Structures are given as structure tokens and as C-alpha cells.
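Below: the structure, in C-alpha cells.
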Amino acid sequence: MAKDTIVIKGAREHNLKNINLEIPRDKLVVITGVSGSGKSTLAFDTIFAEGQRRYVESLSAYARQFLEQMDKPDVDAIEGLSPAISIEQKSITRNPRSTVATITEIYDYLRLLYARAGTPHCHECGKPLVSQTVQQMVDAICQREAGSRLMIMAPVVRSRKGEYKKLFEDLKKKGFARVRLDGEVLDMDSAMAVKLDKNTKHSIDIVVDRISVKEGIERRVTDSVETALQYSEGLLLVADREGNEVLMSETAACHDCGVSMPELEPRLFSFNAPEGACPNCSGLGASLELDANLIVPNPSLSIAEGAIAPWAHKSSTRFWETLQMVAERYDIDLNKPWSALTEGQHNILLYGTQEKVPQPSAGKFRKIVEARFTGVIGYLQNLFAETTVSYIKDYVQRFMREKPCPACNGERLNKQVLSVLINGQNISRFTAMNIGTALQFATSIHFDDHRQVIAQRILREICERLSFLNDVGLDYLELSRKGSTLSGGEAQRIRLATQIGSKLMGVLYILDEPSIGLHQRDNDKLIATLKSLRDNGNTVIVVEHDEDTIMQSDFVVDMGPFAGRKGGEVVVAGTPAQVMACEASLTGSYLSGRETIQVPARRRSGKEYVELQGAAGNNLQSVDVRIPLETFTLVTGVSGSGKSTLIIDTLLPALASTLRTEDAGGGSPYRSIQVTSPKIKKVIAIDQTPIGRTPRSNPATYTGVFTHIRDLFASAPEAKKRGYKAGRFSFNVKGGRCEACQGDGTIKIEMHFLPDLYVTCETCKGKRFNRDTLDITYKGKSIADMLDMTVNMAAEFFENIPKIQQKLQTIRDVGLGYIKLGQAATTLSGGEAQRVKLSKELSRKNSGDTIYILDEPTTGLHFHDIRQLIEVLNRLVDAGNTVIVIEHNLDMIKCADHIVDLGPEGGNRGGQILFSGTPEGLCDIEASYTGHYLRKLLAKD
């Protein structure tokens, strides 16, 4: 008899404390708890890792070499496991060729649909192209009126220049008696006697047969048709005595324009294949081009004040000297605002000159040389083309904008492919639709002929996939949207929709916070989707903090009671009601109302403001927004309503340009921006990108606390005696680190068809430093022991050292006391990385001159952690800063001073500002979904 539970015995992975747990199968199970309590360790590093490992080990050694294998988790036993599928919160791909349609396989079905049921048209004149078989041609000829006299011809030359003597000789040798030359029928000898002008276009048709239509002529007509097609590359010309002509073809072709279409195959519709891709952009649909508006982001500045952004922050004086010499030659005032200079002067500075002008040479020993001035754009183009250094390319790309390919207008495919239509739409226009519109269009497609039978099955697959994506709240995404632009939550829900489409049963699905990036309205759709996955006979385990998801689950596992060393235990496991009744459960306390996040007693209202006008990026409908300074402002709205476009893509680069920070460059279009307070000096985005790309980067090095710790060790008596400097205690440079592992602490061993193995370095035993460095201790602890401490442990250890204590306290304040100082950056989640960055900002000396922009900082946070985060953000505002947050979390929304709500829907039905004001005011807006849910929450509080 099959087990109806998954039984876990003795789980000790990471901070799990030898836990035993039974989870019911074929249920919707939520694992929750404070950040760092061990949720992901239990779900992914224990349950999923063991399920995946067992499945992979059942395969042959040959198959295993192609699959990523997972280490055996530290657990005594897990019983009742099914094959496991993990759907994590991470970006799908960075490939510019990857789109929502290709990721979901919808594009594969669309290619098949257009290849088998599409109607090709001439891309010149727009007429449909029709191909015929030999049998169809014969039937068309024989169905003419009896007694009709017809001439069957093979058009061998169509409007081409030449004398064609050799052609006539060859035709005579092959037994043909007549040809039609430029509309006149001649016998072969007469045709050969005509001297054709080689510079004039001619048309030559072989007269294959002359017939009179009657019964029993089918065999003769068939022979004649086959002969004609053999000589004319699939074309047949039939003319009657009145001069009426019909052109037939074996291939789809427009004979008026000389356009032909190859046989339609699925690969022809792929922008990743040379047969279908636009030859100009190779299927990318766009090219990166330097944009003068990004190079001169603030035209009100003069060149002397740094109007030309790429040359405004250079330490080298060569650029300034060059500009001075060019300005002197062409009488350009470098102290005039850029906007006051003439268009001709702009062109000289941006695009250069044809004549040579004196300018300093490159290199260490500069001298004045006469050379053509390439201009700022020419200089950047050459730099981008010639350099192989990635950070230089990245720097130049900040002044480049993607522009649609002029040949295909961004549609990625060649003209021939784009002329194949279904219901008047080509495949590119189909993918330009958002998922909701595409679903409506796909369900409306109908064919009157045999193509309906062919298309029926393909359309069913397309509609099913579109329906799944629509059901998980992604109706606003265009099918052509690049995969690299998707958020982690969107990517995860796309994977979820793909899994629903597979209709598997008996599978263990493990999801990592699928509600990320979802508005409360869309969350209801997501929960319904998770339940349908469960109802198909699967076990669904979700790591989640969302209240609605927890309350509608069948079983809840609450991890805790706190984070790190104080976590790793199962506080309570049972139904949502049982969790709410548990006094020891923090989750239960917030769900039941015993603990709450209080609405602030007063709302701040800043007198000064930043105002952005005419924001028109993506789906924004030329909106104006005013955000009060020295307030805690939240930007919210349904998924796809335009929040990120407004704040991240428009306001952030616009502010950076206006304030002339190093981050200027890029951004969506807007009309104007105004900051009324002279006190504001900088804008800082605190996002969820990793704090480092290698395991060498960690919270200690990123926040700068490791510098103070190394200084402390360098000041130890024994270190001074040996002459050790602070650099001795770095694992990134030679001297103090272990050279056997070069400071990594582990050594990678390639195992071919087995997964790569990381073994602890035998020389340093994983401590990263050599023996002499480890001899130096502070209060009995070595530098390696410091890196192995959690932030909470280190705060107690260094409580008497203010510099270190202050930085550690800010990390604790953002709820990261459980992470280790030396924890590799690559192991931190997006939310953890964002909070490490936030702690770094908190630790700086505050001058109250900054606008902070955060994108969904509640990602991965428990109710208790959100309360801490709100306190931290309010500290920043109290110090005179401005905090702007993109967020869906209702607890954070109710605590804000100012709300900007976008909508009313996502995609092309969004992009409007529905409301700007206090949370209480938002509750009165009937058109706002956010207001609807906020009204219910405030009524409950």
C-alpha cells in the first residue's frame, strides 16, 4: 500500500536541528517562518535534493554525465518521495534571442501552425501565392469549354536582357519546333534568325503543345504539362486564341513581381535559423546604437560643467584638452549651456569633422598632432568595436539604446516569412500581442478548408498554454517579451504554467515564493493554479510568506522559532487553524492578530518634491507624477501596470542625469524632471542583483566591516612584531592566504560523468589562510574564525569596538543577523542581497541628501521581518532622506506616507496613474484594485 505521507527523519542540513517531520502527500503544503529559519534548506536542500538525486542515480552512467547531480543531503532517511521538480525564483535566461513565446514552447507550435496552415502572400504586391500540383494543372486545362484551342508553353526567360543564341540552338536540338518571342509565336529557324538586342529585356516561352479541348485528351495534356514544368522551373503558361493567359506554378510564386516562396517548413519561421532570420540583424530585431540624448542627458549644462556625460568624469585631461582645441578652431563657447549651442556645433562635437584639427595624442607622452576629430560618438564607437575588456564595453553600453532593425522594423524575420498570414496576421504580429489578446485571437482562428483539420490540434496546444499563462496572472506579458527582462516571479510562474500543461501525476512540485511580484488580485489566480496542480494528483510544497496562500493551504510547516542558530526547528506543523492557535509560532501570532504591524500615527508630507512629466516608456501613457521629498513613498498597482517602467526605467536614470551622478545613462523617454530641493545630491538604487559574482565576495567584504576587522588583527602585538599589515589578512591577495587553494578554502575536482566535487583544502583545512596568518589571534579567535561567525555572534564578540559594532548592527537591523560574515555572495537570495546593500547604506554617515529607490524589498520576508524593514526605512526618512519603494505588500502599503497607484490593468490597459496621496485616500478609489484590498485590510485592523 502506497504511503500517504512523506516521512523525514533526522534532517541536519545547514541549520536544521535533526528534525523529524511528516508531510501529507497530494496536498498543498506551505513551509513558512522567519528569514533564515531553514525553510529553503528543508524544501530545496533536503526534500528536493534527495528526490532529484534518487531519480538521477536510477539512470545510466552515460545519461548522468549530461545532468546536474546533487549531493546527498545530511538526513537519516526520507520515505514516500516522488520524483521531484523544483520551480525556483530565478531569471530564465540572459539570451537576447529568448522570448516568452520560445520559453513556453508556444513559438514552436506557432511555427508549425504557420508552416502547415498559413497562406503565403507576395511581399511586394500583397497578392496571395497559390501553388498547384501537376494533376491540378491538368484538371484546370481539361475543364475548359470543349473545342477551346489552347497553347501550352514553358516560360524559360521572363523579362531578362541577353541575345539567347545558345538557348535557341539547344531548344532546336531537343526537338522543339516553336517559341514565343516577346509575344510573337515563331518557328525555331525564324527565332534563330532574329538578332536580339542584348541590352533589352526579352521574354521567351517554349511552345510545348497546341491542343483542342475534348474528351480523352488528359494523357496528352499531362505529358505536355510535365515537359513544360521540366524546362521552366515549375512554371506553366496556358494561352487561348483570344490572348487570355493563365500562369500556373508548382511553387508559391508571384509572377507579376518575380517573387517566389520556398516550401513552407517550421524552420523558415525561426529567427534563430538563417532561412527565416532577417539578414540585416540576424534575427535579433534590434541593434545597439549610441544615443545623443544619453551622451548629453542634461542639455542645460555647459560642456565645462560636464554636459557630455562620457567625458564628464574622466580623470585624464586629454579629453578636456581635445575639446578645448576643437572649440578654439570652430569658435564654440564651452561655458555656454549645450542647449544654447547651434545644431552645427552639436554635430561637430558629437560626430566630428572631416578636416584635421590639432589635438593631444593618446599615450603616456602626449604631444599635439594634426588628426581628424572623430567626435564623442565616433570615439565611443571605435572604443566599443576595438576593446576586449568587458567593463569598458559595459561602460559604453550605458550610452547606447536598442533601436529596431530598419530592415525588419524589429520583427526579427525576413520579408518572405512575414508575408505568410493567418486571419490577416503574420507570426510576428501574433507574438507582439499580450497573452490575453493572443488567447482571444487564437480561439477565433477558423479555416474553411482542409487546413481546419490540420490546425485544430496545433491550436488546441497553443490555446492551452496561453490559458495556463493567463490563469497565473501573466495576461499582460507580450509573447515577444525578452526572457532577460522577466522578473524572478514572472519567470517562476511561466515555469509553473509549463508544468501544468504537462499534466503529470504523482509528482512532487517544490516552489520558491511564487507570489513574488504579484498584486493581491493576481494572487487569487495563482492559488487557484496551485490547487489545480494538487487536484491533478501531485504534492505541491510552497516556500511562502503570503497570508492568503498560507490560509488556503492544506498543511503548514512553520520553521523557527527565529533565524540562523536560533532556528532550524519545526515550531508547529498542521492545518492553518492549528498554526494560528500555537502560541510559540510567530507566523501564527501574525495570522491570528496577536501580533500586528501598526499603522503609523501620522503621515509625513514633504513640502519639497520631485516631479517627472511626460513619462512614456513601454505602456506608460505620458504620465506626470509628483513625489514629496523626505517621505516614505510606495508605488503600487497590478502586475504589468508600469511601476518598474516609471521608477526603475525612467525616474532613476532621469534623477541620475539631473543630479550628475556616476550612474547617469540609459532610461525610458520623458518630457521633463524637476527636483525642488537643492539639498538632494544623489539617488541610489538598492536592487536584488548579487553583491558579487564569485564566492570570494561576501557580506563582510561588501559592507566594509572586514576592513576594520583586518585592521584590528594587524594591530595585534604579534602581528606588529612580525611586520604584518592589514593586507596579510586578506584571502584575495598573496601573502597571508593559503596558496594551495588560493584563498578559496576548497579545491574543485572534475569528476567527468559525476558532478564536480569540491573538497576541503588539505593544506589549510578550509580556513583560507596559511599557518602564519592563523597564528595571529584576537581574544583567542583567528581571522578564519571571524569569517565563520554569524553576524549576531560577531556583534557580541566585537561589542567593545564601535567601528565594527556599528556596521554589524546595521546588518542585524535589516534582519540578517543569521548569515555568516564570510558567506559566499553566490549563496545569498535576491532579497538577502538587497538587504545587505541596504545595511551598507545605513552604516554610512547620513547627510539626508539622498533619494533611495527599492524594488520589492519584502521579497522573502516574513511578517516579523517586514516590521523590522519598515522601521529601518523610516530611520532613513527620519534622517532627511527620501525612500521610494515599488511594492505589493499590503502591510507596507498601509505604513507609507504617500502612495502612487498605477493601473487600472496590466499591459496596454495600464500605464495610468489612478491615485497619488495617502493610503486612506486610496481606499476611496473604486477603479483601484489596490484600494479595494487595502480597504479590507484597514477594516480588519
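Keep in mind the model is a prediction, meaning the values are calculated, not measured.
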**Asked** Do S730 and R710 meet the criterion of a side-chain donor-acceptor pair at a distance under 3.5 Å?
**Response** no
**Prompt:** Is there a donor in the side chain of T32 and an acceptor in the side chain of D558, or the other way round, less than 3.5 Å apart?
**Reply:** no
**Asked** Do the side chains of C738 and K767 get nearer than 4.5 Å, heavy atoms only?
**Response** no
**Request:** Compute whether any side-chain donor of one residue and acceptor of the other, for R604 and N874, lie under 3.5 angstrom apart.
**Result:** yes
**Asked** Just by modelled atom types, is the V34 backbone N or O under 3.5 Å from a matching donor or acceptor in the S37 side chain?
**Response** yes
**Donor-acceptor side-chain pairing of T858 and E887 below 3.5 angstrom** = yes
**Message:** For the residue pair E544 / S515, report whether a side-chain donor-acceptor contact shorter than 3.5 Å exists.
**Reply:** yes
**Asked** Is the NZ or CZ atom of R737 both under 6.0 Å from the centre of the six-membered ring of F731 and within 45° of that ring's axis?
**Response** no
**Asked** Going from SG on C761 to CD1 on I747, what distance comes out if it is rounded to the nearest 0.5 angstrom?
**Response** 4.5 Å
**Message:** Tell me if the NZ atom of K781 is crowded by more than 12 foreign heavy atoms within 6.0 Å.
**Reply:** no
**Asked** Are any non-hydrogen side-chain atoms of C764 and N770 less than 4.5 angstrom apart?
**Response** no
**Complete:** Separation between CD1 (I516) and OG1 (T859), nearest 0.5 Å, reads 5.0 Å
**Message:** In terms of relative ring orientation, are Y590 and H862 parallel, tilted or perpendicular, with 30° and 60° separating the classes?
**Reply:** perpendicular
**Item:** Flag side-chain contact, heavy atom, 4.5 Å: M892 against L869
**Value:** yes
**Item:** N/O donor-acceptor pair under 3.5 Å between T850 side chain and Y852 backbone
**Value:** no
**Request:** Check step by step if salt bridge (Lys or Arg N to Asp or Glu O under 4.0 Å) holds for D744 and R696.
**Result:** CA-CA 7 Å; D744 281 337; R696 290 179 177 276; 3.3 Å; yes
**Prompt:** When you look at NZ of K837, are more than 12 heavy atoms from neighbouring residues, nucleotides or ligands closer to it than 6.0 Å?
**Reply:** yes
**Message:** Does either side chain, that of D813 or that of Q809, offer a donor lying less than 3.5 Å from an acceptor on the other one?
**Reply:** yes
**Request:** Determine whether M789 and K820 make a side-chain contact, defined as any pair of heavy atoms from C-beta on separated by less than 4.5 Å.
**Result:** no
**Message:** Do E832 and Y818 pair up side chain to side chain, a donor and an acceptor below 3.5 Å, judged on atom types alone?
**Reply:** yes
**Side-chain touch R722/I776, heavy atoms, less than 4.5 angstrom** = yes
**Request:** Using a 4.5 Å cut-off on heavy atoms from C-beta on, say whether the side chain of I853 contacts that of I686.
**Result:** no
**Request:** Would you check if R594 and L586 make a side-chain contact, meaning some heavy-atom pair closer than 4.5 Å?
**Result:** no
**Request:** Would you kindly say whether E630 and T882 are connected by a side-chain donor-acceptor distance under 3.5 Å?
**Result:** no
**Item:** Y395 ring center near F399 ring center (under 6.0 Å)
**Value:** yes
**Check: F706 and I804 side chains under 4.5 Å, non-hydrogen atoms** = no
**Asked** Going by distance alone, is a donor N or O of one side chain under 3.5 Å from an acceptor N or O of the other, for R812 and N792?
**Response** yes
**Message:** Quick one about S843 and E841 (side-chain donor to acceptor, distance below 3.5 Å, no hydrogens or angles considered), yes or no?
**Reply:** no
